[in-house]
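Worksheet: the structure to be examined is printed underneath.
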Amino acid sequence: MNTSTNINHNHATPRLWHRTAGFIGVITLLGLVLGACSSSNSPTTQATTSAETATVNDSAAVEVVSSAAGSSEATATTDAAAGNTAATGGVVLPVPSNPIVSTATAKTLTIESVLVENNVDAANKATSDHLEIALRNTATTDATSVEVFYTLTDPTAGATENYYTKLPADFTVPAGGMRVLHFDDSSQTDHFPVNKFSLYYTSKNALDVSVAVSAKDAAVQTFTVSKDAGGAEAAD
């Protein structure tokens, strides 16, 4: 009896141990699997987050570049609409229309003459063809805030270009005196920039040139002249 009891007791003990060990092994294995899954998911989550962050940053960068491009484009458009400020010596671009706004009625500033060819210098020596405008101020004060708008029309080609120049703030036409403006891209005094690719320099057809000049407290003055066919001529 004792032998039988001892045998049964000894067999029960190994079976319980095996079951416990197996249960612990399953738990341990499950823990390892979960740990591996967690480790595997972490880089993916980080990579996804990084990718999303990169996408957001890229989008922001595109918006900044677009804004900058838009800003540059708006500035270029504004500059073209405002025309050339003679003091800057910048590129002269055509403008869509006459930007001069004036309600003055006093005819104190007059256009004495406009030349577009057969120009001569101060020594009465022939010089290259260019737009030349002679202004007279009959007021008792200097004429300031002078603006010039001119239109080049090629009737043969059916083409028209407008140009506008706001002269420097220190430019004045003296009271009771005259001053002559030259648009020929020269660095001399009273000589101002032009568009070397305008109809004036590229067209071989006859041109009509219309000029409008404005100054503070003076009525806007206009003048029209024709330029013969053949293009601008350089001095011999």
Partners meeting side-chain hydrogen bond (donor to acceptor under 3.5 Å, both in side chains) with Ser186 (sequence neighbours left out): Gln188

CA sep, side-chain torsions, deciding dist, call: Leu135, Leu181, side chain to side chain contact (heavy atoms under 4.5 Å, CB included): CA-CA 8 Å; Leu135 302 177; Leu181 312 179; 3.9 Å; yes

Pairs flagged by ring-ring contact (aromatic ring centres under 6.0 Å, His included) wherever residues 96-122 is involved - sequence neighbours left out: none

In a table with atom names and distances, give each donor-acceptor pair under 3.5 Å that connects a side chain of residues 189-197 to protein atoms at least two apart or in another chain.
| residue | atom | partner | partner atom | Å |
| --- | --- | --- | --- | --- |
| Asp190 | OD1 | Arg179 | NE | 3.1 |
| Asp190 | OD1 | Arg179 | NH2 | 2.8 |
| Asp190 | OD2 | Arg179 | NE | 3.1 |
| His191 | ND1 | Asp184 | OD1 | 3.0 |
| His191 | ND1 | Asp184 | OD2 | 2.9 |
| Asn195 | OD1 | Phe197 | N | 2.9 |
| Asn195 | ND2 | Tyr163 | OH | 3.0 |

Main-chain N/O of Ala143 paired to Thr172 side chain as donor or acceptor, under 3.5 Å: no

Distance-minimising heavy-atom pair for Ile100 and Ala212: CD1-O, 4.2 Å

Joint hydrophobic cluster, Met178 plus Ile111, side-chain heavy atoms closer than 4.5 Å: no

Evaluation steps, side chain to side chain contact (heavy atoms under 4.5 Å, CB included), between Val220 and Val213: CA-CA 6 Å; Val220 176; Val213 179; over 6 Å; no

Pairs meeting criterion side-chain hydrogen bond (donor to acceptor under 3.5 Å, both in side chains) with involvement of residues 212-222, two or more places apart: none

Partners passing side-chain hydrogen bond (donor to acceptor under 3.5 Å, both in side chains) against Ser226 (at least two apart in sequence or in another chain): Asp208

Phe183 vs Ile133 side-chain heavy atoms within contact, under 4.5 Å: yes

Nearest-0.5 Å distance that lies between atom CG in Leu207 and atom NZ in Lys204: 11.0 Å

Sub-4.5 Å side-chain heavy-atom contact between Leu93 and Val95: no

For residues 115-123, dump all side-chain donor-acceptor pairs below 3.5 Å to protein atoms at least two apart in sequence or in another chain.
| residue | atom | partner | partner atom | Å |
| --- | --- | --- | --- | --- |
| Glu117 | OE2 | Asp228 | N | 3.3 |
| Asn119 | OD1 | His130 | N | 3.2 |
| Asn119 | ND2 | His130 | O | 3.2 |
| Asn119 | ND2 | Glu132 | OE1 | 3.1 |
| Asp121 | OD1 | Ala123 | N | 2.9 |
| Asp121 | OD1 | Asn124 | N | 3.1 |
| Asp121 | OD1 | Lys125 | N | 2.7 |

Compile the donor-acceptor pairs under 3.5 Å between side chains in residues 146-160 and protein atoms, sequence neighbours left out, one pair per line.
| residue | atom | partner | partner atom | Å |
| --- | --- | --- | --- | --- |
| Glu147 | OE1 | Tyr164 | OH | 2.3 |
| Thr151 | OG1 | Asn162 | OD1 | 2.9 |
| Asp154 | OD1 | Thr156 | N | 3.1 |
| Asp154 | OD1 | Ala157 | N | 3.1 |
| Asp154 | OD1 | Asn205 | ND2 | 3.3 |
| Asp154 | OD2 | Ser203 | OG | 2.7 |
| Asp154 | OD2 | Asn205 | ND2 | 3.0 |

Minimum heavy-atom distance Ala232-Lys227, with the two atoms named: N-NZ, 3.6 Å

Residues Val209, Thr224; criterion side chain to side chain contact (heavy atoms under 4.5 Å, CB included); working and verdict: CA-CA 6 Å; Val209 182; Thr224 300; over 6 Å; no

Spatial distance of atom CZ (Phe171) from atom OG1 (Thr165) [nearest 0.5 Å]: 11.5 Å

Residue pairs passing the salt bridge (Lys or Arg N to Asp or Glu O under 4.0 Å) test where at least one lies in residues 134-143, sequence neighbours excluded: Glu112-Arg136

Residue list, side chain to side chain contact (heavy atoms under 4.5 Å, CB included) with Ser113, at least two apart or on another chain: Ala134

